[in-house]
Protein chains: 2
Amino acid sequence: MTKKSADPANASAPAAGSAARQVPMRDFSRSLPMSLLRAREAVMRQFRPSLREHGLTEQQWRILRALAAIEAVEVTELARTAFLLGPSLSRILRDLEARNLIERRIAKADQRRSMVSISKEGVKLMASVAPNSEAIYAEITRRFGARKLAELQEMLGELEHSLAGLGSADDARAEE
Amino acid sequence: MTKKSADPANASAPAAGSAARQVPMRDFSRSLPMSLLRAREAVMRQFRPSLREHGLTEQQWRILRALAAIEAVEVTELARTAFLLGPSLSRILRDLEARNLIERRIAKADQRRSMVSISKEGVKLMASVAPNSEAIYAEITRRFGARKLAELQEMLGELEHSLAGLGSADDARAEE
DNA sequence: CCGAGATACTTAACATGTTAAGTGAATGCG
DNA sequence: CGCATTCACTTAACATGTTAAGTATCTCGG
């Protein structure tokens, strides 16, 4: 495990065509999406092993947490809360229901909607996971600093807000 | 757009088996992983349509960008640069090679390693995508503010750094 | 009433994330 | 030299992300 071939820092000879040089791009490792991806991965890396011990994925855990705070929700509303796309949620709910961690019933007023709620078993599972999860979060907070953490989340919220309504709604360009 | 706000006619009866609200945790929507996820999604939502028009996924684009800066890399090194796991990279490289966007050859000194490089077609494709991509990035920067963006990325880097070496190496707790 | 359009999901299809196992090639050590 | 280890990937298997269709239900104008 010595050095990995060359050092890519300098040199940077764009090889074949000069097309790449005509459109110079930022150092890709410093792009915002990459920064966000790496930071999130660094955080999730802490939680995954604990969740895995309880047979839960990150998304399943998100759903249970979202359900724990309310009586029942429609699937669409749950998708927004847990930040999952409909198809993902649909699959996960099917599995969680098969494991008896959640319950569903059709809304009486509207046969299209189904109301989802956490089951007693789901609550028990949560109770066995939550302490560990909270401890990990506390350690992260301790390492990074509570104040900085709040600042970071504030900035993330602002970023999200400043991009709201750019590409989310179809801009109806009629450009085809 | 009928409002779905409060109680949709069924008045959400206290529900016989409702087990919610028994495991107190932080408001889950304010957790760090969720903040990071939402922020990243808000950003990527801007890029995906453009990439899609060129038949590229986000990950494929990351790989091409990483390759554009160098002559050739080993797969393992590329995985680190593009922040992809081995198996994902393996599949994507197979597809990119089939599309003639990259090239591969076995390293002479070590038959296990394969050196990957971008092809001329790959460079051409990049040249057709990069301007649009840069424009989007510029717009994001404009909206959020260049200084704040730099600050944010600084903090993300610190977060990543402060968590380095927590759960990455197996802690061999022997706690079971 | 009725049928066109909107809603609330669900399925399908393809691509990636994630972990575990497999394969072939180098290395190190007795 | 022989062979167990380690390495550098690749496959496999399952779960989710992402977009497009499909299905049943509801709403509303005529």
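Quantities reported herein were computed from a predicted structural model and do not represent experimental measurements. Reminder, nothing fancy here: chain letters follow the sequence lines and each chain counts from 1.
Contact annotation for L84(B): backbone-only contact, meaning every heavy-atom pair under 4.0 Å involves sugar-phosphate atoms and none involves a base. The residue T57(B) sits close only to the backbone: its heavy atoms come under 4.0 Å of sugar-phosphate atoms, none of a base. Among the protein residues, I92(B) comes within range of the sugar-phosphate backbone only, with heavy atoms under 4.0 Å from sugar or phosphate atoms but none that close to a base. Backbone-only engagement by Q60(B) is indicated by non-hydrogen atom pairs under 4.0 Å involving sugar-phosphate atoms exclusively. Using a 4.0 Å heavy-atom distance criterion, R94(A) is classed as making no nucleic acid contact.
When distances are taken from the side chain of R52(A) to each of dT19(C), dT16(C), dA15(D), the shortest belongs to dT19(C). In the set dT10(C), dC9(C), dT19(C), the nucleotide with an atom closest to the side chain of S90(A) is dT10(C). Of the candidates dT7(C), dA20(C), dA20(D), the closest approach to any side-chain atom of R113(A) belongs to dT7(C).
When the shell of 6.0 Å around CZ of R99(B) is examined, it contains more than 12 heavy atoms from other residues, nucleotides or ligands. A 6.0 Å sphere centred on CZ of R105(B) holds no more than 12 heavy atoms belonging to other residues, nucleotides or ligands.
OP1 and OP2 of dA13(D) both lie 4.0 Å or more from every side-chain N or O belonging to R91(B). OP1 and OP2 of dA8(C) both lie 4.0 Å or more from every side-chain N or O belonging to T76(A).
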Could you walk me through whether E97(B) and R94(B) pass the salt bridge (charged side-chain N to carboxylate O under 4.0 Å, His left out) test, one step at a time? CA-CA 5 Å; E97(B) 188 174 24; R94(B) 167 166 48 72; over 6 Å; no
Each nucleotide N or O in nucleotides 21-26 of chain C that has a protein N or O under 3.5 Å away: list the pair and distance.
residue, atom, partner, partner atom, Å
dA26(C), OP1, Q111(B), N, 2.9

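With DNA chain D read from its 5' end, the first of the two nearest nucleotides for R48(B) and G86(B) is the one closest to G86(B).
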